[in-house]
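Indexing begins at 1, ligand by ligand and atom by atom, following the structure's order.
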Amino acid sequence: MTSSTDPLVLFMPSGKRGRFPVGTPVLDAARSLGVYVESVCGGRATCGRCQVEVQEGSFAKHKIVSSNAHISARGAKEERYDRVRGLPENRRLSCSATIQGDLVIDVPQDTVVNAQVVRKSAIDRIIERNPAVQLCYVEVDEPDMHKPLGDLDRLKVMLDKDWGWDNLLVSQYLIPQVQGILRKGNWGVTAAIHRDLEASRPNIIALWPGLHNEAYGIACDIGSTTIAMHLVSLLSGRIVASSGMQNPQIRFGEDLMSRVSYVMMNPDGRAQLTKAVRDAVTELTRKVCAEGGVDPNNVLDAVIVGNPIMHHLFLGIDPTELGQAPFALAVSGSVHTWASDLGLGINTGARIYMLPCIAGHVGADAAGATLSEGPHRQDRMMLLVDVGTNAEIVLGNRERIVAASSPTGPAFEGAEISAGQRAAPGAIERVRIDPATLEPRFKIIGSDLWSNEPGFDADAERLGITGICGSAIIEVVAEMYLAGIISEDGVIDGALAARSPRIRQTGRTHSYLLHHGKQEISVTQNDVRAIQLAKSALYAGVKLLMEKLGVDHVDTIALAGAFGSFIDPKYAMVLGLIPDCDLAEVKAVGNAAGTGALMALLNRDYRREIEQTVQRIEKIETALEPRFQQHFVNAMALPNKVDAFPHLAQAVTLPVRSTTVDATTGDSTPRRRSREERDARRNRS
Ligand code: FES
């Protein structure tokens, strides 16, 4: 029973608060408010995981004056811990320290006891912890001839008594090992307990002699091109290592559909693709563990996301059904399974959780990105786009959410582009074109200088100028449009050859010479077409979703994926790849799918959140929507045949428009003029 005169305690960063009688251990107060504070030793003051800090000062907003005088003085247990393991002066063990007055308590996110090499977090957000795996130290009674209860049974009794775990399951592989581990630990052991769903039975998945203080998890995004992984401490929430590697399935086909075809045409195709992706995830796990100095045996939980085809192949499911209508998923809900069944080289008892898939073409990766960016948590209309060979699009707010995928193809990744290449040193990554002279300047990866700045030539000599990477392809086509080199229909204006030697005839079309050196780098008419087709597919998908929700604009745009991180939102909008929006509201969110996986790894509440959200996301199959074609045709123009871009027009001087009648809709809409037309008009007036 608490009273209104009891001390008030506020926990940060969660902001949860409550009143507790004087003498309550801080750890108990945290637990009763649902604030996650780690504890492995069960309050014996030996694990050091429960560390907190008192914030000194007057917190007017919360009406709390917090002081170290309001917490009990360091007791014998804390002094002992300090002597053995070291406890910073401002830190307290919350299992021992008790509340004596009003307090603001900070639960640090870096309770690193075993001084791992910790990297700066790749994710700039605090994820409150509530992992599915918990380490619990217990001291088990020694065997007694008069009480013939088995060793494992007495272990279960203590886990219930000290930690409240009843009805425990035990992973089969552990049963033959229990006796040895108990004796090795002199009857003190640490059990790893896994419980994800509140209603499910908890499971002993690992057991160590003595106090074991390390538990890790991996969050993995299996992309069709790249596999990305974080290794994170489940006890502190810190990312210990992050790494990525190419998906080796690429050798079976660049894009997803060619991999499905491979499965269809080869009797052991599915098995080969499954083996390739599992071997890669195993290899990447080994790599992040080596980088973080972590024994793979201490990895106890894994959360995996991926597009539907990667998801199915990883699980060993034949993806053939996903290659044709009605694009039936074998399993759409979340999957709980065992790492040992998939052979990932981590602890034998480790678990795997896979986020649910949204639809046949919108996978667990889109679910992860949704969880990360949270359109369902806000009032504003958010567009979330993960640009890859298959763009996944989610649109909505807390009221309603819709999702679709669009077949953009690999053009945005530099494939299908004559001088396209992956992002690597020497690739052109930024482009500007002077509208008066049509002369370009550019930057290459590996150099901070523009090509017209002193010192650039030396950098270029060192790095080479090798091609155009995906982000620059967007920029160069947009700049060509802004400079009047291409018309709104995407046609390179051959008449400009008279003004600039950079416009050159190549067969029946023209190209623009971006760089003339050891290697000539040009943008051809086919390149522009490939970009137009890719961006039209994406934009048409977005339009279908906007129509579905009955909205004519979006409030905010999140561009996910590696590509989204490098493109300049302004140029993406000039091309009409994304709809008009305040440019300040367009942000690159990096590997949002991976961040979503990390959130679900560190806090199982997020698993429930995304499971519920996915159920209410309305799925749209772009291929079956009759309006897709019309939107696609309109989107072939730059930025668009019919849609206005008022925010963009404020930020960029767009080529002047004239009014014309749209042939298909009959709408009276503005038409843009080429620089040629504008020049001619200026000369006439
Ligand atoms: Fe282990 Fe406090 S819970 S030291």
Within the structure provided, determine whether E78 and R91 are in side-chain contact (heavy-atom separation under 4.5 Å).
no

Counting no waters, what protein N/O/S atoms lie under 2.8 Å from atom 2 (Fe) of ligand 1?
C50 SG, C95 SG

Name of the residue among E399, E609, R398 meeting side chain to side chain donor-acceptor pair (under 3.5 Å) with H376:
E609

Is atom CD of E79 surrounded by more than 12 heavy atoms (other residues, nucleotides or ligands) closer than 6.0 Å?
yes

For Y353, give me all partners under ring-ring contact (aromatic ring centres under 6.0 Å, His included), at least two apart in sequence or on another chain.
H336

Please answer whether the main-chain N or O of L149 pairs with a side-chain N or O of R154 as donor and acceptor at a distance below 3.5 Å.
yes

When you measure from the side chain of R183 to the backbone of Q179, do you find a donor-acceptor pair of N or O atoms at a distance under 3.5 Å?
yes

